Amino acid sequence: MLLEQVYRAGVVGCGGAGFPTHVKLDCKAEYMIINGAECEPLLNTDKYLMRHFAKEIVSAAELCGKQVGAAHIVIAIKDYYHAEREALLSAVQELGSRIQVFSLSNYYPAGDEQMIVYEVTGRVVPPGGIPIHVGAVVSNIATMLAVYEAAEDRPLTHKYLTIGGEVPEPMLLHVPVGTPLKACMEAAGLRAEFNRQYVIGGPMMGRYVSGEELGHEVVTKTTSGILVLPESAVFASPGLQQMINRARSVCIQCHYCTDLCPRHLLGHPLEPHKIMRKMATAGSGVDDDMLKDRDIQNAAICCECGVCERFACPMGLAPRSINAALKRKLAAAGIRYRSDGVSTEPLPFRNYRMIPAPSLTARVGLAEYMSAHPDKCLELNPPQVEILLKQHVGAPAQPLVQAGDRVSEGRLIAAPPEGALGAVIHSSVDGIVASVTKDRIVIDSEGGLL
Ligand code: SF4
Ligand code: SF4
């Protein structure tokens, strides 16, 4: 029943790539873990949701735990999230729930799925594996709110977003899916400043875009925030060949990138310094022989947390960006990571090498923005939304409407091909379909304004 409701509501993982939630929950697991760490600096969306929708989140976590048959249902938050803990614990008490609120220490990246599984269960997900391989399912806070609404037969049509960084007033927005990001920034008071650097998501793992590029972006089911970054916090990643040239010139093989790599510290065989060494010999590019190298193939198990290039490397090199480029090349060559399914042991000194979050924010030039804990949330009702047909892992949805159709908020407007992995999509506003193209449905909203 829950799986069907979650599918019909179009729920996908709101904190990551958008894996369809009805598929993720279709399993049996010992642990149901709700990730409330929100470890990316400056993002405040999940914290806001925990303070204001604790009962809904706890109810949904109970439903999901029951669905997977979990013996343990855990909401994991950072140890200093005092107001959020209080809200969750009083919801747990009020609902007579068995959920445990678990404290994570304040390190980066505590919210990485494999870190959180280890902290809660003491089990290490095998390299190249996923949490269910050690009996856990992990979902995030915003997804729980969407599951709660799905259980009430309300589809996922709106998102809460953090607007933060160098803005007049950090805040939350509640917006229809498909809202142009430029409209979000204007609502937050940034009217004439589109010559800035933006990041969609968090500053460590989010997507950096220019003001011009921002003009083409819209809110999707996975958008959690938009940040404006000061010049000092912008990390410009050069092209692959330039990164290789730099590695050849200045990588001193100090090993720091490996020493501090969170996945390496979990015992995974990822050693970015070896990848950098091999890349330094790569001549004019990465050929097929290089892709057969086991150290190079280990780039596939990099979670792209950015610790190596934003914190560890004393030479300003970019192991994370190189790994990301290698992952694309490995995927294009059809080379999949060969996991032997064997769990590893964390390195004995792991606890001493985890990076305190305040040290990270200072290093990346964001410390002065960290004191903002916004609690103001504006509702936005834009005149037009552009709803993307691919906002999730799997096949793009296929339109079920055409230009000129009148739609109401919550109406089904696109669905994945029969039998394909994917998620259905609903109109996020009342209005008229203005156009349908191969990648989006544009709807003029009735009564929409900025
Ligand atoms: S930290 Fe930087 S310089 Fe040191 S081995 Fe890694 S990439 Fe090379
Ligand atoms: S981005 Fe760097 S530090 Fe993070 S997992 Fe990948 S190699 Fe390790």
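The shown structure was predicted, so the numbers you read here are calculated from the model rather than taken from an experiment. Counting starts at 1 for both ligands and their atoms, in listed order. Quick note: residue numbers are just sequence positions, from 1.
Salt-bridge annotation for Arg123 and Glu30: present, with a side-chain N of the basic residue lying under 4.0 Å from a carboxylate O of the acidic one.
Tyr337 carries Arg294 over the face of its six-membered ring, with the cationic atom under 6.0 Å from the centre and within 45° of the normal.
Every atom of ligand 1 with a heavy atom of Met276 under 4.0 Å away is listed here by number and element: 7 (S). Per-residue contacts place Met315 under 4.0 angstrom from the following atoms of ligand 1 (heavy atoms of the residue considered): 3 (S). Remark: ligand 1 atoms within the under-4.0 Å shell around heavy atoms of His255 are 4 (Fe), 5 (S). For ligand 1, the atoms lying closer than 4.0 Å to a non-hydrogen atom of His273 are 5 (S). Numbered from 1 in the order shown, with element, the atoms of ligand 1 that lie under 4.0 Å from a heavy atom of Cys251 read 3 (S), 5 (S), 7 (S), 8 (Fe).
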Extract all donor-acceptor atom pairs below 3.5 Å that involve side chains of residues 167-179 and protein atoms in other chains or at least two apart in sequence.
from   : atom 1 : to     : atom 2 : distance (Å)
Glu169 : OE1    : Lys376 : NZ     : 2.9
His174 : ND1    : Glu379 : OE1    : 3.0
His174 : ND1    : Glu379 : OE2    : 3.1
Thr179 : OG1    : Pro176 : O      : 2.6

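Protein nitrogen, oxygen and sulfur atoms, that is N, O or S, within less than 2.8 Å of atom 2 (Fe) of ligand 2 amount to 1.
Using cut-offs of 30° and 60° for the angle between ring planes, the His264 and His255 rings count as perpendicular.
The proximity of Pro314 to ligand 1, defined as any non-hydrogen pair under 4.0 Å, is limited to the side chain.
Checked by atom type, the side-chain pair Ser210/Glu213 shows a donor-acceptor distance below 3.5 Å. For the residue pair His273 / Asp259, no side-chain donor-acceptor distance below 3.5 Å is found, with atom types taken as modelled.
With respect to atom 2 (Fe) of ligand 1, the closest heavy atom belonging to the protein is Cys313 SG, 2.4 Å. At the shortest separation from atom 4 (Fe) of ligand 1 among protein heavy atoms lies Cys254 SG, 2.3 Å. Atom 3 (S) of ligand 1 has as its closest protein heavy atom Ile252 N, 3.5 Å.
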| Step-by-step ring pair (Phe, Tyr, Trp, His ring centres under 6.0 Å) determination, Tyr160 to Phe53 | CA-CA 12 Å; Tyr160 286 89; Phe53 299 98; 5.5 Å; yes
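Separation of atoms OG1 (Thr45) and CE (Met50) is listed at 10.5 Å; rounding is to 0.5 Å.
With sequence neighbours left out, the side-chain contact (heavy atoms from CB on, under 4.5 Å) criterion links Ala54 to Ala87, Leu88, Ala91. Partners of Ala312 according to the side-chain contact (heavy atoms from CB on, under 4.5 Å) rule, which considers only residues two or more places apart in sequence or in another chain, are Tyr256, Leu260.
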